[in-house]
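Below is one structure, written out as structure tokens; the observations come after it.
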Amino acid sequence: MNYKEEYTASTTSPERFWLEKARDIEWFKAPETALSGSANGYQTWFEGGQLNTSYLALDHHVNAGRGDKAALIYDSPVTNTTRTYSYSELLQEVATFAGALQDLGVAKGERVIIYMPMIPQATIAMLACARLGAIHSVVFGGFAANELAVRIDDATPSFIVTASCGIEGTKLLPYKPLVDSAIELASHKPNGCVVLQRPQLHAELDSTFDYDWHALIKTCSPVPAVKVDATDPLYILYTSGTTGKPKGVVRDNGGHAVALYYSMGALYGIDENDVFWAASDVGWVVGHSYIVYGPLIKGATSVMYEGKPVGTPDAGAFWSMVERHKINILFGAPTAFRAIRKEDPEGEFIKQYDLSSLRTIFMAGERLDPPTYYWTLEKTNKPVVDHWWQTETGWPICSNPMGIEPMQTKPGSSSVPTPGFNVKVLNGIDSESTPGQKGSIAIQLPLPPGCLSTIWQDHSRLVNGYLREFEGYYSTGDNGYIDEDGYVFIMGRTDDVINVAGHRLSTGEMEEVLAAHPAIAECSVIGVNDALKGQLPVGLVLLKDGVDINEADLEKELVASVRSSIGPVACFKRAIVVKRLPKTRSGKILRKLLRQIAVDEPVSVPSTIDDPSSVAEIATLMRDKGLVEAAEV
Ligand code: COA
Ligand code: AMP
């Protein structure tokens with residue numbers, strides 16, 4: 001089938017399409033129906049089917065005689081280590097660690113939080129949970145104790161799995177004290193904590209609460225994979241929303257496995273002999289789908305990299321990885337390629353390595369800006385594919401479907417809707433935009449398999465946050481347009497989410513931290529354009545009457561608060577004092593207007609504004625501080 005036929009089949013008859021795709025994976029009990037409706041007009045996939053995702057990713061390949069094949073390559077320039085795990089070895093490690101968790105009492109349906117750096121044990125812990133039917137929730141290492149505590153309280157895990165330290169470039173970051181303080185801050189108390197001691201730093205363990213990973217696996221036996229229902233949760237992954245409280249996106253087992261298997265072939269053009277490298281982190285959705293589950297379910301070789309695009313040791317790191325491991329597909333965030341380009345504009349490093357194995361470079365996490373697209377294309381001479389997706393969808397909504405029919409690229413566009421995603425641009429209540437007309441991007445229900453099944457503990461958050469805005473559609477929170485050839489252009493968010501170095505962050509959450517400072521009456525956090533990281537947060541703060549504080553001191557205090565409450569990953573470095581914030585007459589801060597100033601877009605001042613001069617005042621201030629370029633109002 002060509003793309004058009006495949007896409008049409010997926011949207012006109014989703015049940016038939018996905019039931020057929022479901023036959024490509026091994027089930028303990030194959031589903032008889034693909035799609036069943038649920039309350040709230042939201043879908044459930046493969047009800048009645050039974051499987052195990054860890055079995056699919058490991059046992060299935062070993063049973064098929066591919067046990068000696070490389071499953072996972074761990075490459076860590078920061079510790080000078082490389083290790084390859086065959087499918088048999090990875091299965092042995094996963095089944096044994098699952099045995100250890102089972103001995104600790106972890107059972108099906110219980111939650112386990114994994115807070116680990118980019119080491120193979122993070123993958124092993126995820127697959128071990130899946131093996132037991134326990135629900136993992138991986139928390140990214142760049143989040144502070146408070147963020148971890150929020151997730152502990154929401155997921156109520158029975159155990160936490162961590163490591164003694166992470167290594168970020170040249171920095172050694174002790175993880176255990178951070179986990180301890182998160183548990184201290186949280187109301188929910190887990191039963192214990194499993195700690196992987198790394199040779200670079202030993203953590204102090206509390207013998208009544210902590211368990212040493214290596215000691216545990218010495219005394220336990222490997223366990224088989226348990227049967228779970230297709231609709232049982234595999235994991236919870238927290239992501240930023242408009243409010244301060246992160247959303248626990250829940251992924252099921254059945255739909256997820258079918259969608260990821262399909263995407264590996266259809267979108268990435270991968271088969272089981274290929275080496276796939278997603279240069280992301282297991283703490284993000286890209287890491288879940290394309291470091292761990294996708295490549296392993298497909299039976300390919302996945303690469304796990306504990307390093308940075310630059311500085312570990314240099315801007316040639318990505319190309320050296322490609323040569324060393326004969327990588328066929330490379331997937332990274334545009335910000336990583338911007339960092340490489342900044343240090344090696346002429347691509348001198350690229351010339352030093354053999355990139356002949358590399359077929360395609362995929363990018364996601366933020367819009368691939370045309371200069372980065374052209375630079376990567378010209379310097380590597382490889383096809384470069386921008387593809388658009390979200391934590392919620394778990395796999396790409398739009399992409400150039402390289403495994404079905406490679407299509408012409410349009411720089412600035414993430415190409416065409418992926419089979420299964422009925423993408424529309426809506427410019428009002430259910431009214432579709434004409435080609436080229438900008439609007440809110442929505443996906444007509446049902447969403448394909450693999451997308452979120454609910455928000456943990458709060459299904460109404462899914463309904464209210466995604467399904468209410470347009471009846472019969474899922475609102476993506478992104479805006480943009482579709483051109484006359486059906487290519488989708490994503491222009492930015494419609495809400496208070498910003499994207500910093502490919503990391504999704506909530507400005508609302510940062511505002512809560514700033515507002516807690518005793519000197520601050522009101523505040524707003526906006527994302528300004530940044531040449532390297534895409535966006536950077538800036539706090540606009542209004543002081544309480546009578547407060548006398550040095551602006552530089554205040555900025556330092558606010559930067560420290562955001563770092564300690566949210567984490568270094570927020571990259572919050574700037575706060576400026578303003579005299580007024582633009583508001584409506586009813587006192588609501590006009591955030592959309594501030595967002596427009598921040599990204600140098602034409603500002604539309606609404607008639608409901610209380611004091612129109614406040615807009616020009618903010619724009620001028622931001623321009624004077626070098627935060628925006630034009631800001632003409
Ligand atoms: N654990 C602890 N701290 C972390 C961390 C982790 N896993 N990841 C990042 N941090 C810290 C960094 O050390 C840095 O701290 P600092 O303020 O003390 O310097 C801070 O968080 C900001 O990190 P980052 O935004 O990554 O900036 P950087 O300057 O270290 O690196 C890039 C810049 C562009 C090289 C890097 O952001 C990058 O590789 N981005 C790609 C992101 C990605 O893969 N996203 C996934 C979507 S596909
Ligand atoms: P996350 O949930 O962290 O994957 O972030 C999802 C958000 O990142 C999307 O809603 C978009 O705003 C943005 N995003 C991700 N990929 C792209 C892309 N290829 N083009 C434009 N925006 C993107």
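Order of listing sets the numbers, starting from 1, for every ligand and every atom in it. One is the number of the first residue; the rest follow in order along the sequence. It should be emphasised that the depicted structure is a prediction, and the values quoted were computed from it without experimental measurement. What's counted below: heavy atoms across the whole structure, side chains too, no hydrogens, waters or symmetry copies.
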Nearest to [atom], what protein heavy atom do you find, and at what distance?
atom	value
atom 20 (N) of ligand 2	Arg367 CA, 3.3 Å
atom 9 (C) of ligand 1	Glu168 OE1, 3.3 Å
atom 47 (C) of ligand 1	Gly502 O, 3.8 Å
atom 30 (O) of ligand 1	Lys308 NZ, 2.9 Å
atom 3 (O) of ligand 2	Arg504 CB, 3.3 Å
atom 8 (N) of ligand 1	Phe140 CZ, 3.3 Å
atom 25 (O) of ligand 1	Lys533 NZ, 3.2 Å
atom 42 (C) of ligand 1	Ala501 O, 3.2 Å

Any side-chain donor near an acceptor of the partner, Tyr373 and Asp386, under 3.5 Å: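 Side chains of Tyr373 and Asp386: no pair found under 3.5 Å.
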Donor on one side chain, acceptor on other, His459 and Thr454, under 3.5 Å: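 Result is yes, a qualifying pair exists.
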Ligand 2 to Thr476 polar contact by distance, N or O atoms, under 3.5 Å: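 N/O-N/O distance below 3.5 Å does not exist for this pair.
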Distance-only N or O hit between ligand 2 and Arg493, under 3.5 Å: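 N/O-N/O distance under 3.5 Å: yes.
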Best match, Lys573, Arg563, Arg504: closest heavy atom to atom 18 (O) of ligand 1: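 The nearest heavy atom belongs to Arg563.
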Please could you name the atoms of ligand 2 that [X] approaches to less than 4.0 Å, counting only its heavy atoms?
X	value
Asn499	8 (O), 13 (C)
Ile490	21 (C), 22 (N)
Gln390	2 (O), 4 (O), 6 (C), 10 (O)

Any Phe572 heavy atom less than 4.0 Å from ligand 1: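 Contact absent.
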Ligand 2-proximal atoms of [X], by part, heavy-atom distance under 4.0 Å:
X	answer
Glu366	backbone
Val286	neither
Trp284	neither
Thr391	both

Fit a plane to each ring of [X] and [Y], take the angle between them on a 0 to 90° scale, and name the class: parallel (under 30°), tilted (30 to 60°) or perpendicular (over 60°).
X	Y	answer
Tyr293	Tyr235	parallel
Tyr290	Phe331	tilted
Tyr115	Tyr175	tilted

Side chain to side chain, Leu368 and Val384, heavy atoms closer than 4.5 Å: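 Counting from C-beta outward, Leu368 and Val384 do come under 4.5 Å.
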Side chain proximity check, Ile113 to Leu148, heavy atoms < 4.5 angstrom: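 Yes, at least one pair of side-chain atoms sits under 4.5 Å.
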Is the shortest distance from a Lys or Arg side-chain nitrogen in [X] or [Y] to a carboxylate oxygen in the other one below 4.0 Å?
X	Y	result
Glu601	Arg595	no
Lys379	Asp344	no
Lys308	Glu343	no

Residue portion contacting ligand 1 (non-hydrogen atoms closer than 4.0 Å) for Ala278: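 For Ala278, there is no contact with ligand 1 at all, from either part.
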Side chain, backbone, both or neither: the part of Leu173 lying under 4.0 Å from ligand 1 by heavy atom: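 Side chain only.
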Residue that, paired with Glu366, satisfies salt bridge (charged side-chain N to carboxylate O under 4.0 Å, His left out) out of Arg338, Arg504, Lys533, Arg493: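 So, applying the salt bridge (charged side-chain N to carboxylate O under 4.0 Å, His left out) to Glu366 and each of Arg338, Arg504, Lys533, Arg493, only Arg338 qualifies.
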Nitrogen or oxygen atoms of Thr335 and ligand 1 under 3.5 Å apart: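 For ligand 1, there is no N or O atom that lies under 3.5 Å from one belonging to Thr335.
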